[in-house]
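Structure first, then comments.
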Amino acid sequence: MTLPQHPFGSEITTTDIIAQMQTATGWEDRYRNVIQLGKKLPQLDDSYKQDQLKISGCESQVWLHHQVVDEHYYFIADSDARIVRGLITLVLAAYNGRTAAEINAFDIDTYFDNLGLITHLSPSRGNGLKAIVEQIKQLAH
């Protein structure tokens with residue numbers, strides 16, 4: 001089965017997202033940017049919303065599915081929460097279409113610092129974001 005395409009990691013990159021967030025005029029503007037990015041994430045087909053694809057550690061429901069093609073990892077994900085859909089896009093921009101070595105070498109903490117978001121997220125949202133990243137890194141071993 002071929003995964004549906006989305007623009008994160010290909011047309012929308014970490015560089016694009018960092019530039020967009022750094023021009024934001026405060027937390028509310030960044031929050032709006034994240035919500036807008038989440039709207040560009042295709043809805044996940046119900047066939048992918050299976051319990052074994054749920055990420056534990058997230059307050060909201062989050063599903064993550066992956067496929068490996070020529071040693072490159074491709075991900076699709078979704079959530080039942082708008083802000084979490086936006087946070088997923090930030091992660092997918094960093095990891096989608098990359099090799100295991102690229103995924104494991106990517107400095108996600110610096111990336112998140114450059115976005116200026118983590119300090120404004122609730123602890124449960126921050127933990128959920130970390131759970132998504134950890135699940136991707138486990139898949140890429």
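All heavy atoms count here, side chains included; hydrogens, waters and symmetry mates do not.
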pair [X]-[Y]: side-chain heavy atoms closer than 4.5 Å:
X: Leu117; Y: Trp27; value: yes
X: His65; Y: Leu44; value: no
X: Tyr95; Y: Val133; value: yes
X: Val69; Y: Gln67; value: yes
X: Val91; Y: Phe112; value: yes
X: Ile118; Y: Asp113; value: no
X: Ile88; Y: Phe8; value: no
X: Leu64; Y: Leu139; value: yes

Sequence neighbours excluded, which residues qualify as side-chain hydrogen bond (donor to acceptor under 3.5 Å, both in side chains) partners of Asn104?
none
Return yes if some donor-acceptor pair links the side-chain N/O of [X] with the main-chain N/O of [Y] below 3.5 Å, else return no.
X: Arg32; Y: Arg30; value: no
X: Asp78; Y: Trp63; value: no
X: Tyr73; Y: Ile136; value: no
X: Asp45; Y: Ser47; value: yes

Does the side-chain contact (heavy atoms from CB on, under 4.5 Å) test come out yes or no for Arg85 and Gln43, once each step is laid out?
CA-CA 9 Å; Arg85 283 179 56 82; Gln43 290 271 330; 4.0 Å; yes
Carefully, step by step, assess Ile132 and Leu87 under the rule side-chain contact (heavy atoms from CB on, under 4.5 Å).
CA-CA 10 Å; Ile132 296 166; Leu87 295 172; 5.8 Å; no
Look at the rings of Tyr111 and Phe106 and say which category their plane angle falls in: under 30° parallel, 30 to 60° tilted, over 60° perpendicular.
perpendicular
State whether the number of non-hydrogen atoms from other residues, nucleotides or ligands found under 6.0 Å of [X] atom [atom1] is greater than 12.
X: Lys137; atom1: NZ; result: yes
X: Lys49; atom1: NZ; result: yes
X: Gln50; atom1: CD; result: yes

Check the pair Leu41 / Leu92 against side-chain contact (heavy atoms from CB on, under 4.5 Å), numbers first and verdict last.
CA-CA 10 Å; Leu41 186 68; Leu92 293 181; 3.8 Å; yes
Using distance only, find each side-chain donor-acceptor pair of residues 9-22 under 3.5 Å and give its atom names and separation, not counting sequence neighbours.
{"residue": "Ser10", "atom": "OG", "partner": "Pro7", "partner atom": "O", "Å": "3.4"}
{"residue": "Thr13", "atom": "OG1", "partner": "Thr15", "partner atom": "N", "Å": "3.4"}
{"residue": "Thr13", "atom": "OG1", "partner": "Asp16", "partner atom": "N", "Å": "3.3"}
{"residue": "Thr13", "atom": "OG1", "partner": "Asp16", "partner atom": "OD2", "Å": "3.1"}
{"residue": "Asp16", "atom": "OD2", "partner": "Thr13", "partner atom": "N", "Å": "3.0"}
{"residue": "Gln20", "atom": "NE2", "partner": "Asn33", "partner atom": "OD1", "Å": "3.4"}

Partners of Asp80 by side chain to side chain contact (heavy atoms under 4.5 Å, CB included), sequence neighbours excluded?
Ser60, Gln61
